[in-house]
Protein chains: 4
Amino acid sequence: MAKKWQTKITLNTKEETYIRGYPLTQMIGKLTFSESIYLLLKGELPTENEKRMFDAIFTSVIDHGVAPPSVVALRNVISGGNQLHVGVAAGVLAFGEYHGGALEDAMKFFQEYAKDEEDIYGLAERIAKKAVEEKWRISGYGHKFYKDFDPRSKKLLDLAKELGFYGKHCEFAVSLEDAIEKIKGKKLVLNVDGAIAAITSDMGFDYRLGKGFFIIGRIPGLVAHAFEELTEGVIFRRLDEETEIEYLGNPPREL
Amino acid sequence: MAKKWQTKITLNTKEETYIRGYPLTQMIGKLTFSESIYLLLKGELPTENEKRMFDAIFTSVIDHGVAPPSVVALRNVISGGNQLHVGVAAGVLAFGEYHGGALEDAMKFFQEYAKDEEDIYGLAERIAKKAVEEKWRISGYGHKFYKDFDPRSKKLLDLAKELGFYGKHCEFAVSLEDAIEKIKGKKLVLNVDGAIAAITSDMGFDYRLGKGFFIIGRIPGLVAHAFEELTEGVIFRRLDEETEIEYLGNPPREL
Amino acid sequence: MAKKWQTKITLNTKEETYIRGYPLTQMIGKLTFSESIYLLLKGELPTENEKRMFDAIFTSVIDHGVAPPSVVALRNVISGGNQLHVGVAAGVLAFGEYHGGALEDAMKFFQEYAKDEEDIYGLAERIAKKAVEEKWRISGYGHKFYKDFDPRSKKLLDLAKELGFYGKHCEFAVSLEDAIEKIKGKKLVLNVDGAIAAITSDMGFDYRLGKGFFIIGRIPGLVAHAFEELTEGVIFRRLDEETEIEYLGNPPREL
Amino acid sequence: MAKKWQTKITLNTKEETYIRGYPLTQMIGKLTFSESIYLLLKGELPTENEKRMFDAIFTSVIDHGVAPPSVVALRNVISGGNQLHVGVAAGVLAFGEYHGGALEDAMKFFQEYAKDEEDIYGLAERIAKKAVEEKWRISGYGHKFYKDFDPRSKKLLDLAKELGFYGKHCEFAVSLEDAIEKIKGKKLVLNVDGAIAAITSDMGFDYRLGKGFFIIGRIPGLVAHAFEELTEGVIFRRLDEETEIEYLGNPPREL
């Protein structure tokens, strides 16, 4: 009879744990964390360049301060009197469509259009035209402050070129930025989510893993904030009823 | 061979679901929600009075507005682009030691001391003396605004008297409030968590279920806030870097 | 300046909490739990019939045993060494598209088609034809064991008729079941999710609240399972490597 | 007026994000992921040896297959119809006292005893005696299968020696293993949690961060399992009522 669970990831025996076939005890001390992550996600060991690209990608999203909804959720959960891991989980929950979701959506978009296309520049022009006409909201483009270029995207794409991961998806991502600028006369900046999406696509990853890159990279940030809230934070944070909340509902009435 | 899972709660057959032995299809239309909850938690059907007490308890904690950490966490998670149930789960995560936890701690405290005690008033005096001397922080007592009495506690305890649930635990809870006032000359108010803890103890519930009463009662509030945030809320809420966050770390430096 | 948060649900002052305008201290002891829930979700007090319908709806989904993914997730989380509320939150997380999601999808479907339609039977025939031809998977229909009718749906719909909530949406839901049977010659049973979806639609609720009905009704079940796992469960549940897991990945190899 | 939030971790300006003072755009491409994590958690850049130690620690816990409660919870949540990040969060929730918690507890234990002690071997003998007499359950010791030594601990401790992190805490951890063996005549193996706890203590980390090391290291494993469940898993996993669940409650009865 078939067993209830199937997996291709890890084999546990009484003596050893095998990650994608490699003994864990051989990995310890020999592989960097990025190499181990690559092996786990891709099933094979990375080259030196793949490892370096992974290091850059995870570093690029490692933290973004207290402001984002993930950290506010996390710190509120900790301040309710919870342990570190419970706060971190609440932070991960906030990674929805608008918080890390662009990475996945952009991967899907790039892979859908660029994967089997020969004429990337022609494609970019066609898509740009359509996108402007139909007012698409394209995931991976646009930034609140960066209007000329996103310096994190530039760093990542320069590195991708140097390391050999600047393929069709990156070309399409950048060409689309240019094509839109030509049509609209102003730039819609390829942001860091978009850059990571293009590069991981060129590295051969499935778009359904997209959010995973963001989660792995950002977790250390969540852990750091959870630790800070636990050790120096506030017990039972609460909004100030008078200055922060506006009540717009039914006025007081008798039952 | 023993099966992997054991349960005393619910039996599913192909024809029927039995909750503590009663057919679910017989329960629908015959039992109120509070009666069904009581049956599920206690294993037997409630009396009319037990049902009424449950209705009052759950109603007393049904919502407390936007301010508490559970709702702030929930709304931030929804604003990250998540579905209703994900936000509600984040809200539940916030119910830690300082957020609903007092109910459980107070139940434990009341049951530990009052359960097998004959002289409740003497007990209250001894504990009050010790608590004041050793500066205990007693769960279920104290309130930010109510300094004379908590009107919700009064309502619940009056009802408990009327319905026959004002036993040893309630007597101890109230006597302790009095005894502390005598010693300190000022009141340490028995709050709503404390009142519910005393009453549910007199209803015969295990203190380890304490948080459960709070969760069941507050969930409709979380659902209402999640719905409001989904339909009228803000996409990607974020703190304002300039007015809300103070950076106290290392000043900018070169790598 | 506009305040950061707006809400129509609850107003907190130093003296009182007002739920949709009504003082919480007046609600305690006067309203049943279902009445309080209705007030919170709808903004107004329910009639006697609305209250009874709510009691039946929440009771109908209150628990479904150990088997569903929500309870398995919850019990595994508790068995990792966690508190009751953390387990309950994990259970709520499992309420995705395939677990309670049908209720919301069915509400959307019924409201989209039936809301402004005069000829409900004609509509049902048209939709049934299209659904069979295009092999739609219609949310709220179909059941693993019930092939003739779902007894929970029958109970709820009979009650809806008696209480005056059997309107266009219920008529459409039932007519569609009939129309499909006529075309296919076999029944596609309107299940409990579908019945609740039709009734709550006729009660005037927004489909985006759909999952909320399921969550509120099922939470007592999750609490009961969390309590049972905490008090009688297993520490660190784990699958049996030999009998339950099949490893299909790369065979062991040297690094 | 003091701002509502304080942090020492990250500063965001309109032009740049500074992690512990260092510009993020300078970090990308220059730091490995482990270096960035170290900087984030410790506040300063790691030495070459600190980086290598981190790589080994995170790799040593990167995955442990389908069996643990975190992965079972995660996969059940995904199978309920949820997105990748929701499943990962459920997995993190399972990291309670018995699942990664030993790491934190062992750090606390080692730091409490060994931090300011001169005579580590004498200490180990005293504690071992007491522990055996009073039947302590010491976190970080004991393993289901490894009875002689845990090969992962050996790898990590050998590396700690080579890299200069084998200080008081490691000495105490190993001496305690020896001292217990002398008294009981059989080994209580220092497991991988215990080894990591000793090493990170010698690296100068606060024990309250302990669970964080486990979370950061294990997240890639959770992501890999979530991706596998999403792409090759089962919709609505459920236990088999007949073979897996034993009902021990009230037999069916009439309402």
Side-chain angles (χ1 to χ4, degrees), chain B residues 1-31 35-36 39-40 42-45 72 77 80-83 85-87 89-90 92-93 238-255, chain D residues 1-31 35-36 39-40 42-45 72 77 80-83 85-87 89-90 92-93 238-255:
Chain B
M1 199 190 86
K3 289 175 191 169
K4 193 158 185 180
W5 298 84
Q6 281 84 37
T7 187
K8 293 176 185 142
I9 302 169
T10 293
L11 169 68
N12 276 317
T13 67
K14 283 180 190 173
E15 293 79 29
E16 183 60 88
T17 297
Y18 300 88
I19 307 284
R20 302 289 187 180
Y22 291 112
L24 184 58
T25 51
Q26 289 184 15
M27 291 166 59
I28 301 171
K30 223 181 243 171
L31 299 188
E35 287 175 312
S36 300
L39 170 63
L40 196 62
K42 200 70 181 282
E44 295 298 334
L45 291 168
V72 177
V77 164
N82 279 292
Q83 295 178 300
H85 71 291
V86 180
V92 173
L93 286 182
R238 82 178 90 199
L239 301 179
D240 184 70
E241 300 278 356
E242 277 173 48
T243 60
E244 296 186 280
I245 306 173
E246 201 176 347
Y247 177 69
L248 301 169
N250 241 307
R253 49 183 169 171
E254 297 293 309
L255 192 65
Chain D
M1 201 190 85
K3 288 173 191 171
K4 193 157 184 180
W5 298 84
Q6 280 84 38
T7 187
K8 293 177 185 143
I9 301 169
T10 293
L11 170 67
N12 275 318
T13 68
K14 284 180 190 173
E15 293 80 29
E16 183 60 88
T17 297
Y18 299 88
I19 307 285
R20 302 289 187 180
Y22 292 111
L24 183 58
T25 51
Q26 289 184 16
M27 291 166 60
I28 302 170
K30 224 181 243 169
L31 299 188
E35 287 175 311
S36 300
L39 170 64
L40 196 62
K42 200 69 179 283
E44 295 299 333
L45 292 167
V72 177
V77 164
N82 280 291
Q83 296 179 299
H85 70 291
V86 179
V92 173
L93 285 182
R238 81 178 92 200
L239 301 179
D240 184 69
E241 300 278 356
E242 277 172 51
T243 60
E244 296 186 280
I245 305 174
E246 200 177 348
Y247 176 70
L248 302 169
N250 242 307
R253 49 182 169 171
E254 297 293 308
L255 192 64

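By convention in this document, chain letters (A, B, ...) are assigned in the order of the sequence lines, proteins followed by strands, and residues within each chain are numbered from 1.
- Using a distance-only test at 3.5 Å, with no hydrogens or angles considered, a donor-acceptor pair links the side chain of D:K3 to the main chain of B:E242.
- Looking at B:T13, neither its backbone nor its side chain comes within 4.5 Å of chain D, counting heavy atoms on both sides.
- Taking chain B as the reference chain and counting heavy-atom pairs below 4.5 Å, the highest number among D:A89, D:P252, D:P23 is found for D:P252.
- Proximity to chain B (any heavy atom under 4.5 Å) is restricted, for D:I9, to the backbone atoms N, CA, C and O.
- Under the 4.5 Å side-chain criterion, counting only non-hydrogen atoms from C-beta, D:Y22 is in contact with D:L45.
- Residues that satisfy the salt bridge (Lys or Arg N to Asp or Glu O under 4.0 Å) test with D:E44, not counting sequence neighbours, are B:R253.
- Note: D:L11 leads D:T10, D:N250, D:L11 in heavy-atom pairs under 4.5 Å with chain B.
- Partners of B:E244 under the salt bridge (Lys or Arg N to Asp or Glu O under 4.0 Å) rule, at least two apart in sequence or in another chain, are C:K4.
- Residue contact with chain B, scored on non-hydrogen atoms closer than 4.5 Å, involves the backbone of D:P251 exclusively.
- Residue B:E254 touches chain D through both its backbone and its side chain, counting heavy-atom pairs closer than 4.5 Å.
- For the atom pair NZ of B:K30 and CD of B:E35, the computed distance is 11.5 Å after rounding to the nearest 0.5 Å.
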